Amino acid sequence: MRAAQRLLSDTRLSIAEIAARTGRGDQSGLTRRMKAALGVAPGAWRKGRP
């Protein structure tokens, strides 16, 4: 999850590309995992970062 968080913060990669690079399969897989682990979807998490 930390790798996905880092990529969301530090790159402009799409959520689908981040999911693929971090082994989460597809965008929906990453979204399910982030919501379960952090309580927030990847897009919302990215928007909430400085």
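Quick caveat, the model's predicted, so the values are computed rather than measured.
- Legend: residues meeting side chain to side chain donor-acceptor pair (under 3.5 Å) with Arg21, ordered by chain and number and at least two apart, are Glu17.
- Taking all atoms of both residues into account, the shortest heavy-atom contact from Gln5 to Trp45 is O-CZ3, 3.3 Å.
- In terms of heavy atoms, Met1 sits closest to Arg24 at N-NH2, 3.3 Å.
- The structure places CE of Met34 at 4.5 Å from CG of Leu38, a figure rounded to the nearest 0.5 Å.
- Nearest heavy-atom pair across Ile15 and Gly43 is CD1-N, 3.6 Å.
- Among all heavy-atom pairs drawn from Leu30 and Pro42, the shortest one is CG-CG, 4.0 Å.
- Side chains of Thr11 and Arg46 form a contact here, defined as non-hydrogen atoms less than 4.5 Å apart.
- Here the side chains of Thr22 and Arg33 are not in contact, with every heavy-atom distance at 4.5 Å or above.
- Considering every non-hydrogen atom in both Ala19 and Asp26, the closest pair reads CB-O, 3.3 Å.
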